[in-house]
There are 2 protein chains.
Amino acid sequence: MKRQNFSRKREAILEAICATDTHPTAEWVYQRLKAEFPDLSLGTVYRNIAQFKSAGRIRSVGVVKGQERLDGDTAPHAHFVCSGCGAMLDLKRDFLPREVNEEVGKIFGLEVENHELVFRGKCNHCMRKHPGA
Amino acid sequence: MKRQNFSRKREAILEAICATDTHPTAEWVYQRLKAEFPDLSLGTVYRNIAQFKSAGRIRSVGVVKGQERLDGDTAPHAHFVCSGCGAMLDLKRDFLPREVNEEVGKIFGLEVENHELVFRGKCNHCMRKHPGA
DNA sequence: TTCAATAATAAGAATTATTATTGATTTGAT
DNA sequence: ATCAAATCAATAATAATTCTTATTATTGAA
């Protein structure tokens, strides 16, 4: 017969990450799937995340408040991180052309693979909550 | 007369961070100063780093391999992080004008305070060590 | 079906980085 | 010298992540 148990949790982990734009943490994924898979363990989530990362199916988009944030959208794009609530938003707009990687590599004598642009500040919600920050 | 409350250790911690361009970790600072201050504790390093950060005298420039990296140069500039050895280099060149912060804020309805641009890849040294990576 | 090899798993221990607590000591204005 | 606030080291606590281990599931072959 076809495998059942094999892939379901793993698929669900990947699916959960890809289906959200919240740039979730491992803990978020775990909490999300616990209802559907009561015997899921956090270690399994971490293990699969590591595998998906090295397979290039998801990527890490930084650490916010000590927790790694994941993104199922592996196409390069910029982010905004709210220093209040930690929300991470996509900023899909071309700030820097991709050629800049090559340029930088040449100028500084490095092998540049990619770049990450992160804006920081307060999101709309936190702006109202803590005005004048 | 205003109190200074700057002990020698405290001065040394700030000085150590500002005097290097390696973007050190707390542990690095601790190891660095242990010879001069044998009774220094890692907790003191962390405590002072936190104070210097909130006073704006140093800043955090990201987390590499799970460790927070510090920079005594608070003027905005881009960085390069080597995925091999974790080295962090300054790239002092204007990639994005500062006005982009305001623009992004307007366009996306956010209060943007700053942005961080990080290039990733292999440094010269690691390039030779692991060719073709 | 039975078997062995392989891969996925949960649970929890271990590790690592960081923060908080505590109680003693030092500092500096008076 | 006095005294309150600042500073300190040591230690305990916390939080995120990784590692270990024993168990179970899957597969392909005999």
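Numbered from 1 within each chain, the chains take letters A, B, ... in sequence-line order.
Taking a cutoff of 4.0 Å between a charged side-chain nitrogen and a carboxylate oxygen, A:E103 and B:R93 do not qualify as a salt bridge. Look at B:D21 and B:K92 and you find no salt bridge, because none of the NZ, NE, NH1 or NH2 atoms lies under 4.0 Å from a carboxylate O.
Put simply, CD on B:E27 is 16 Å from P on C:dT15, counting in whole angstrom units. Look at CH2 on A:W28: it is 22 Å from P on D:dA15, rounded to the nearest Å. When rounded to the nearest whole Å, the span between CD of B:Q51 and P of C:dA20 equals 12 Å. Rounded to a whole Å, the CG atom of A:L40 is 14 Å from the P atom of C:dG12. Distance B:L42 CG to C:dT18 C1': 8 Å, rounded to the nearest Å. B:R10 has its CZ atom 18 Å from the P atom of D:dA5, to the nearest Å. Rounded to whole Å, atom P of D:dA10 lies 8 Å from atom OH of B:Y30. Here C:dT26 presents its C1' atom at 13 Å from CG of B:D39, a figure rounded to the nearest Å.
Taking for each of A:N48 and B:K53 the nucleotide of DNA chain C with the nearest heavy atom, the 5'-most of the two is the partner of A:N48. Mapped onto DNA chain C by nearest heavy atom, B:R47 and B:T25 fall at different nucleotides, with B:T25 at the one closer to the 5' end.
Nearest to the side-chain atoms of A:T44 among the listed nucleotides C:dT18, D:dA9, C:dT9 stands C:dT9. The side chain of A:Q67 approaches D:dA16 more closely than any other nucleotide in the set C:dT18, D:dA10, D:dA16.
Atom CD of A:E102 is surrounded by 12 or fewer heavy atoms from other residues, nucleotides or ligands within 6.0 Å.
Listed for the B:R69 side chain is a donor-acceptor partner under 3.5 Å among the backbone atoms of B:T22.
Taking 4.0 angstrom as the limit, A:K9 places a side-chain polar atom (N or O) nearer than this to OP1 or OP2 of C:dA10. Side-chain N/O atoms of B:Y46 include none lying less than 4.0 angstrom from OP1 or OP2 on C:dT19.
B:E68 comes within 4.0 angstrom of sugar-phosphate atoms only, judged by non-hydrogen atoms across all strands, and of no base.
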- Message: One pair to check against salt bridge (Lys or Arg N to Asp or Glu O under 4.0 Å): B:K53 and B:E68. What are the steps and the verdict?
- Response: CA-CA 12 Å; B:K53 271 202 294 186; B:E68 183 166 38; 3.1 Å; yes
